[in-house]
Novice: 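Sharing a structure with you now.
Excluded from the calculations below are hydrogen atoms, water molecules and symmetry mates; all remaining heavy atoms, backbone and side chain alike, are included. We count ligands from 1, going down the list as the structure has it; atoms in each ligand are counted the same way. Heads up: numbering here begins at 1 and tracks the sequence.
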Amino acid sequence: MEIIKINSLKNRMGTNSYLLIKNQSAILIDAGIALEDIEIYNIKLKAIFLTHCHFDHIMFLNELCDFYQCDIYISENDKAGLFDENINMSKFFKKHFIFKGDTNKIKIFKDNEEIKIDDFIVKCLLTPGHTAGSTSFLINDNLFSGDTLFAESVGRTDFATSSPIQQKTSLKRLENVDFYNLYPGHSRMSNKTEQINNIKYWLSHY
Ligand SMILES: [Zn+2]
């Protein structure tokens, strides 16, 4: 399995999206990249997994879904953000976002659910706090943490559906998840060893 971190020049918010490829079949973690950013890989995109519904992570969902006709996986609590500019925060930008694709393609996962797509097995761990439905995805020993956990910090909890209390519980949860690599929604990659200290710091200081 190849994991490619992609940052789009059409997304100026430093959002990381991750393209996972195995035998030319692919899944995408977050839709912060445009079609032109992944066309070059010549893959068949089967599904997009959304860590949460904020604008910078879903902004190219319409064009990607139009082209690939792929499924979209999101938590129950963040689904509303696909259709609400206040919740997804695109109201602050000129390019407002509302999902305009086929709503039958939207699939809701449950906590701890394992979703199999070709050779990929994606374990969905609900880690609310940054948003009400923020989710981390565990694929083999790789954790994709969205805006819940970053290499050197943690996600903000002052947004419309944020909860600082839930964020603490989620960080404690991630502390006990067995992963090796951390692929966050912004900034650089990290690993579990570094994150044990990072999580400890944030749990004791906030
Ligand atoms: Zn966010």
Novice: Apply salt bridge (charged side-chain N to carboxylate O under 4.0 Å, His left out) to residues Asp111 and Lys123 and explain how you reach the verdict.
Specialist: CA-CA 9 Å; Asp111 192 23; Lys123 187 166 188 184; over 6 Å; no
Novice: With sequence neighbours left out, which residue pairs that include part of residues 129-180 fulfil the ring pair (Phe, Tyr, Trp, His ring centres under 6.0 Å) condition?
Specialist: Tyr18-Phe144, Phe49-Phe137, His52-His130, His54-His130, His54-Phe159, Phe109-Phe137, His130-Phe159, Phe144-Tyr183, Phe150-His186
Novice: I'd like to know if Asp84 pairs up with Lys91 as an ion pair, taking the criterion as any Lys NZ or Arg NE/NH1/NH2 lying under 4.0 Å from an Asp or Glu carboxylate oxygen.
Specialist: no
Novice: Sort by chain and number the protein N/O/S atoms found under 2.8 Å from the Zn ion (ligand 1).
Specialist: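 Near the Zn ion (ligand 1), the protein supplies His52 NE2, His54 ND1, His130 NE2, Asp147 OD2.
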Novice: Determine, step by step, whether Glu152 and Arg188 satisfy the salt bridge (charged side-chain N to carboxylate O under 4.0 Å, His left out) criterion, reporting the C-alpha distance in whole Å, the side-chain angles of both residues, the deciding distance to 0.1 Å, and the verdict.
Specialist: CA-CA 9 Å; Glu152 295 162 11; Arg188 67 171 172 86; 2.7 Å; yes
Novice: Return the set of residues passing side-chain contact (heavy atoms from CB on, under 4.5 Å) with Glu63 (not counting sequence neighbours), or none when no residue passes.
Specialist: Ala34, Leu35, Phe60
Novice: Does any pair with a residue in residues 21-33 pass salt bridge (charged side-chain N to carboxylate O under 4.0 Å, His left out), and if so which ones, sequence neighbours excluded?
Specialist: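 Those involving residues 21-33 do not exist here.
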